[in-house]
There are 2 protein chains.
Amino acid sequence: MPRERSTTRKAKAAETRAALLEAARRLFSERGYLNTKITDITAAAGRATGSFYEHFASKEELLTALLAELEDAVDAHVVAMEHPREHDLTDRDQLRDHLAAAWTVMRDNRPVAVALFQAMVADDPGSGRAWRDLREQTRTIREHLEYLVERGHRLPGDPELVAAAIGAMLLTLNYALLKTPDSPDDDRVVETLTDFTLHGLAGPPAPSQSVRPPDAPPAAPTTA
Amino acid sequence: MPRERSTTRKAKAAETRAALLEAARRLFSERGYLNTKITDITAAAGRATGSFYEHFASKEELLTALLAELEDAVDAHVVAMEHPREHDLTDRDQLRDHLAAAWTVMRDNRPVAVALFQAMVADDPGSGRAWRDLREQTRTIREHLEYLVERGHRLPGDPELVAAAIGAMLLTLNYALLKTPDSPDDDRVVETLTDFTLHGLAGPPAPSQSVRPPDAPPAAPTTA
DNA sequence: GTCTATACCAGGATAGAC
DNA sequence: GTCTATCCTGGTATAGAC
């Protein structure tokens with residue numbers, strides 16, 4: 001009789017590994033990645049310090065494992081979508097869907113989002129890691145923007161830069177709003193970011209093609 | 001004869017203090033705030049470890065001093081401007097001036113910008129520091145946006161949130177672009193951020209009221 | 001594979017002579 | 001005020017028994 005209570009004797013290791021990952025998630029979310037020590041993780045997992053190194057060489061490696069899990073989950077979720085680059089981000093619904101997806105992933109995986117963001121910023125500024133991470137995480141957006149440019153659309157600037165700007169906004173705002181209480185609810189944030197990204201401060205052109213009712217007053221005239 | 005070579009015996013302390021600050025600036029800029037240890041600073045300043053504590057109680061306090069210097073400089077620079085909140089950020093020139101000012105300050109004070117940003121992110125996510133810092137640093141923008149709303153302009157969302165989004169974009173993009181080589185030049189970045197903030201991805205309304213020549217093709221039609 | 005125990009070091013901070 | 005010397009903590013990582 002191989003495994004009865006999920007313990008094939010040897011597969012018990014996987015249990016410890018899982019416990020460590022789970023504890024890490026909890027602590028990363030609460031105290032943050034940088035302030036969580038390896039000893040904190042093992043203690044929270046009810047394991048000895050030494051056991052940690054049987055599974056991970058370092059905290060960074062554990063984070064990598066966490067990230068791999070996340071990517072698997074995301075892949076499984078997007079498996080049916082294919083996600084070609086032929087999306088028109090100047091279409092409000094499509095834009096909102098993209099931003100909402102990004103936002104939801106960050107919210108549903110708070111520990112990883114926190115850890116990645118902190119790790120990105122903690123590295124030496126000259127290392128270029130921040131830029132690299134930002135580029136990677138905005139790949140999809142960038143490709144969509146490049147597609148727009150190819151179709152003749154005029155963007156505010158280089159797609160790479162614009163995509164990075166949007167990503168910077170998303171990542172940092174998400175992090176800042178993690179504070180436990182009274183954050184604006186996710187829907188409102190996504191709607192705001194959508195409208196801002198789509199039309200900026202100036203607001204939509206004359207005939208409101210947004211979802212909003214037409215009771216919005218016109219743009220303010222110039223001032224001092 | 002009081003001071004001959006800037007050493008009144010006792011005023012020599014100020015020299016050490018300045019040396020520490022200067023060394024800290026250099027190291028913060030190169031290795032970042034988090035990776036710079038107090039011993040690194042004293043070593044770089046050619047002083048003994050113990051001397052540090054004669055001037056600052058901690059690294060954080062040194063950062064505060066650095067920040068105070070910066071604010072003095074900024075104040076002196078803006079002294080003639082008064083800077084009332086009656087600015088219209090939907091006016092491209094005014095918007096660009098604001099963004100350019102923020103960008104220039106960050107670029108001209110790289111060490112402080114790095115340190116503040118890292119310190120903000122390194123704190124526990126639940127502490128709310130990130131949100132607090134973000135709010136403080138976007139106070140001016142927020143006030144301008146509130147002014148717009150009072151005048152009847154329709155923003156993409158709550159002024160506080162929109163201001164924070166803009167600030168998040170600026171701070172993080174600045175940090176990411178600090179990597180020494182091949183960053184796009186500051187002018188291009190500011191222009192891009194201006195256009196994005198003003199009109200978003202959709203671009204300006206039909207009759208181009210932006211600076212750009214009218215050779216820009218129309219917005220891309222809808223697609224799959 | 002997991003535990004206990006411990007070596008080890010980086011770094012913060014202080015004591016006390018000059 | 002600045003130095004040298006040192007203490008002491010927290011945290012990483014390993015050794016070796018079970």
Side-chain angles (χ1 to χ4, degrees), chain A residues 2-24 26-28 30-66 114-115 118-119 122-124, chain B residues 2-24 26-28 30-66 115 118-119 122-124 127:
Chain A
R3 45 193 161 97
E4 270 296 331
R5 288 181 66 98
S6 77
T7 46
T8 330
R9 271 140 229 178
K10 147 190 179 181
K12 202 169 196 177
E15 222 167 271
T16 294
R17 188 189 148 96
L20 290 172
L21 288 171
E22 183 50 36
R26 233 192 56 218
L27 294 174
F28 289 173
E30 291 170 5
R31 324 179 182 176
Y33 173 75
L34 297 175
N35 290 330
T36 297
K37 309 307 171 187
I38 290 179
T39 49
D40 297 333
I41 298 174
T42 53
R47 298 301 199 286
T49 310
S51 296
F52 181 91
Y53 297 92
E54 194 66 32
H55 299 277
F56 311 100
S58 63
K59 203 171 62 168
E60 292 75 40
E61 199 179 288
L62 183 149
L63 176 54
T64 304
L66 235 36
V114 167
Q118 286 195 325
D123 260 37
D124 297 10
Chain B
R3 44 193 161 97
E4 270 297 333
R5 287 182 66 100
S6 77
T7 46
T8 329
R9 274 142 228 173
K10 147 191 178 181
K12 202 168 194 177
E15 222 167 89
T16 294
R17 188 189 149 95
L20 290 172
L21 287 171
E22 183 50 36
R26 233 191 59 218
L27 293 175
F28 288 175
E30 290 171 5
R31 322 178 184 177
Y33 172 75
L34 297 176
N35 291 329
T36 297
K37 310 306 172 189
I38 291 180
T39 48
D40 296 334
I41 298 175
T42 52
R47 300 299 199 286
T49 311
S51 296
F52 181 91
Y53 297 93
E54 194 65 33
H55 299 276
F56 311 99
S58 63
K59 203 170 63 166
E60 293 75 42
E61 198 178 291
L62 183 148
L63 176 54
T64 304
L66 234 36
Q118 286 196 325
D123 261 36
D124 296 10
S127 73

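Every residue two or more places apart in sequence or in another chain was checked for a salt bridge (charged side-chain N to carboxylate O under 4.0 Å, His left out) with B:Glu60, and none qualifies. Not a single side chain to side chain contact (heavy atoms under 4.5 Å, CB included) links A:Ala18 to another residue, sequence neighbours left out. With sequence neighbours left out, the side chain to side chain contact (heavy atoms under 4.5 Å, CB included) criterion links A:Glu61 to A:Phe56, A:Ala57, A:Ser58.
Smallest separation of non-hydrogen atoms from A:Ala65 and A:Arg17: CB-NH2, 3.8 Å.
Each end of the helix from C:dG1-D:dC18 to C:dC18-D:dG1 yields a helix axis from five base pairs, and these two axes differ in direction by 10° (to the nearest 10 degrees).
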Whether each nucleotide of nucleotides 2-18 of chain D has a protein heavy atom under 4.0 Å at its base (B), only at its sugar-phosphate (S) or at neither (-) is summarised, 5' to 3', as BBB------SBBB----
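Taking 4.0 Å as the cut-off between side-chain N and carboxylate O, A:Arg26 and A:Glu22 do not count as a salt-bridged pair.
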Under 3.5 Å, sequence neighbours excluded: what are the donor-acceptor pairs made by side chains of residues 34-42 of chain A?
residue	atom	partner	partner atom	Å
A:Asn35	ND2	B:Asp124	OD1	2.2
A:Thr36	OG1	A:Gly32	O	2.6
A:Lys37	NZ	A:Leu34	O	3.3
A:Asp40	OD2	A:Arg31	NH1	3.2
A:Asp40	OD2	A:Lys37	N	2.9
A:Thr42	OG1	A:Ile38	O	3.4
A:Thr42	OG1	A:Thr39	O	3.0

Identify every side-chain donor-acceptor pair in residues 47-54 of chain A under 3.5 Å, counting partners at least two apart or on other chains, and give the distances.
residue	atom	partner	partner atom	Å
A:Arg47	NE	A:Thr16	OG1	3.2
A:Arg47	NH1	A:Ala45	O	2.9
A:Arg47	NH2	A:Thr16	OG1	3.3

